[in-house]
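Below is one structure, written out as structure tokens; comments come after it.
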Amino acid sequence: MESQLSKKTLVILASSVFLIASLIVGLTKARSLINRRNAVAVTTRNNAMPRVVLWAWERPTDLHFINPREVGVAFLARTIRLRANEVTIRPRLQPLNLPEATTVMAVARVETDRVDNAELSERQRDKLAAAIVEMAQLPNVYQIQIDFDATKSEREFYRRLIFDVRRRLPNHVGLSITALASWCAHDNWLSDLPIDEAVPMLFRMGVEEKQFSNRLESGDDFEAAPCRQSYGVSTDEPRGNLSRDRRLYVFNPNPWTEASVRRILSSPNVESPK
């Protein structure tokens, strides 16, 4: 009797082990398939944007002269302020003149009030995510970009926000964020975010200017993988030794002109070697 029970127990255990192993293999294959599909989707979305993207901030901007095959535009669409438990949305108020075929990225600038501190509540996150996702409905928008200089205490809120936004966005719309250079080098909290890229902001770096200038000049890359897709630079802080394989976002503290765009396109960071 005991022998028969032992045999039945072994059979049940063996069956259970086999079932669990099968489930693990199945889940691993499913996860691998999802990762491959996500990688293909990210590549497809990134390929939709030109190699050079001009930031168009909150001022009257006339870029009617650009060639849409060479240049895309990331324009400030909304400034969103978090205060106490409220979310205040300020739409773009200044005109933006672009060729009809321009590939466009809508940017949301997110700020937190330093006097009446934001509660960073679920309610705020839900309302903020909805406001960002709405930008995908604007004409010719291929990607959304979030510009939020989150402090360490705000990172968990920001992480959850990014997951919320990606989940709500249509699959064909890309998701980009700007990133302080220190985010790309000193830690890896960006690595598992569902984003197409994190754009390292290589200007207005303050006390870290010398450190990152030396790093770029020596050819050292960023530790965080999402930061290895693009660069963010400014016309008044020239950068050398940047990879031509990466997208170049360019900020201009002055109004864009045909001459300033031409200088960007003919710079060593863009122009192909002869």
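Count residues from 1 along the sequence.
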Tell me, with the steps shown, if Leu248 and Val270 meet side chain to side chain contact (heavy atoms under 4.5 Å, CB included).
CA-CA 8 Å; Leu248 190 68; Val270 175; 3.6 Å; yes

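- The two residues Arg239 and Val233 make their nearest non-hydrogen contact at CG-CG1, 4.0 Å.
- Residues Met135 and Ala77 come closest through the heavy atom pair SD-CB, 3.7 Å.
- Among all heavy-atom pairs drawn from Arg81 and Glu111, the shortest one is NH1-OE1, 3.0 Å.
- A distance-only check finds no donor-acceptor pair linking the side chain of Arg51 to the backbone of Val71 [under 3.5 Å].
- Nearest approach of Leu63 to Val261, heavy atoms of both residues: CD2-CG2, 4.3 Å.
- Within the structure, every pair that satisfies the salt bridge (Lys or Arg N to Asp or Glu O under 4.0 Å) test and touches residues 134-143, not counting sequence neighbours, is listed here: Arg78-Glu134.
- Checking side-chain atoms of Arg168 against main-chain N and O of Phe163 turns up no donor-acceptor pair under 3.5 Å.
- Atoms NZ and CD, on Lys127 and Glu86 in that order, are 6.0 Å from each other to the nearest 0.5 Å.
- Side-chain contact between Val52 and Leu265: present, with at least one pair of heavy atoms (C-beta onward) separated by less than 4.5 Å.
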What do the steps show when you test Asp126 against Arg123 for salt bridge (Lys or Arg N to Asp or Glu O under 4.0 Å), and what is the final call?
CA-CA 5 Å; Asp126 180 70; Arg123 176 182 174 276; over 6 Å; no

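- Each ring-ring contact (aromatic ring centres under 6.0 Å, His included) pair with one or both residues in residues 223-257, not counting sequence neighbours, appears once here: Trp55-Tyr249, Phe203-Phe251.
- Distance CZ/Arg159 to CG/Leu190: 9.0 Å, rounded to 0.5 Å.
- The main-chain N or O of Gln124 is found under 3.5 Å from a side-chain atom of Ser121 such that the two form a donor-acceptor pair.
- Interatomic distance, CG of Leu193 versus CD1 of Ile162, reported as 4.5 Å (0.5 Å rounding).
- Shown here are the ring-ring contact (aromatic ring centres under 6.0 Å, His included) partners of Phe157, two or more places apart in sequence or in another chain: there are none.
- Residues Ile146 and Val107 are not in side-chain contact: their nearest non-hydrogen atoms beyond the backbone lie 4.5 Å or more apart.
- Counting heavy atoms from C-beta on, the side chains of Asp113 and Asn117 never come closer than 4.5 Å.
- When every heavy atom of Val199 is checked against every heavy atom of Ser230, the shortest pair comes out as CG2-OG, 3.5 Å.
- Judged by distance alone, with hydrogens and angles left aside, the side-chain atoms of Arg247 form a donor-acceptor pair with the main-chain N or O of Pro50 at under 3.5 Å.
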Stepwise, does the side chain to side chain contact (heavy atoms under 4.5 Å, CB included) test hold for Glu237 with Glu209?
CA-CA 11 Å; Glu237 294 187 32; Glu209 165 70 31; 3.9 Å; yes

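- Distance check, rounded to the nearest 0.5 Å: CG of Asn252 to OG1 of Thr257 gives 7.5 Å.
- Looking at heavy atoms from C-beta onward, Ile66 lies out of side-chain contact with Glu70 at the 4.5 angstrom threshold.
- Side-chain contact check for Ser176 and Asp196: no donor-acceptor pair (N or O, by modelled atom type) lies under 3.5 Å.
- With a 4.5 Å cut-off on side-chain heavy atoms, Asn140 and Thr103 do not count as touching.
- Annotation: Arg204, atom CZ; neighbour count of heavy atoms from other residues, nucleotides and ligands within 6.0 Å is above 12.
- Here the straight-line distance linking atom OG of Ser153 with atom OH of Tyr158 works out to 14.5 Å at 0.5 Å rounding.
- No donor-acceptor pair closer than 3.5 Å links the side chain of Thr102 to the backbone N or O of Val104.
- Defined by atom type and a distance below 3.5 Å, a donor-acceptor pair is missing between the side-chain atoms of Arg83 and Thr112.
- The minimum heavy-atom distance linking Arg228 with Phe222 is given by the pair NE-O, 2.8 Å.
- Residues in residues 89-110 take part in no ring-ring contact (aromatic ring centres under 6.0 Å, His included) pair, two or more places apart or across chains.
- Here the side chain of Ser267 pairs a donor or acceptor atom with the backbone of Ile264 at under 3.5 angstrom.
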Side-chain donor-acceptor contacts of residues 90-99 below 3.5 Å, not counting sequence neighbours, with atom names and distances?
| from | atom 1 | to | atom 2 | distance (Å) |
| --- | --- | --- | --- | --- |
| Arg90 | NH1 | Glu58 | OE2 | 3.4 |
| Arg92 | NE | Gln94 | O | 2.9 |
| Arg92 | NH1 | Ala56 | O | 3.3 |
| Arg92 | NH1 | Trp57 | O | 3.1 |
| Arg92 | NH1 | Leu76 | O | 3.1 |
| Arg92 | NH2 | Trp57 | O | 3.0 |
| Arg92 | NH2 | Arg59 | O | 3.0 |
| Asn97 | ND2 | Asp62 | OD1 | 3.0 |

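- Sorted by first and then second residue, the salt bridge (Lys or Arg N to Asp or Glu O under 4.0 Å) pairs involving residues 141-153 (not counting sequence neighbours) are Arg109-Asp147, Arg109-Asp149.
- The environment of CD in Glu119 is crowded: more than 12 heavy-atom neighbours from other residues, nucleotides or ligands sit within 6.0 Å.
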Carefully, step by step, assess Ile144 and Met105 under the rule side chain to side chain contact (heavy atoms under 4.5 Å, CB included).
CA-CA 6 Å; Ile144 298 295; Met105 175 180 286; over 6 Å; no

Please test Glu154 against Leu120 for side chain to side chain contact (heavy atoms under 4.5 Å, CB included), starting from the C-alpha separation and ending with a verdict.
CA-CA 8 Å; Glu154 295 167 341; Leu120 306 180; 3.8 Å; yes

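- Atom CZ in Phe148 sits 9.5 Å away from atom CD1 in Ile132 (nearest 0.5 Å).
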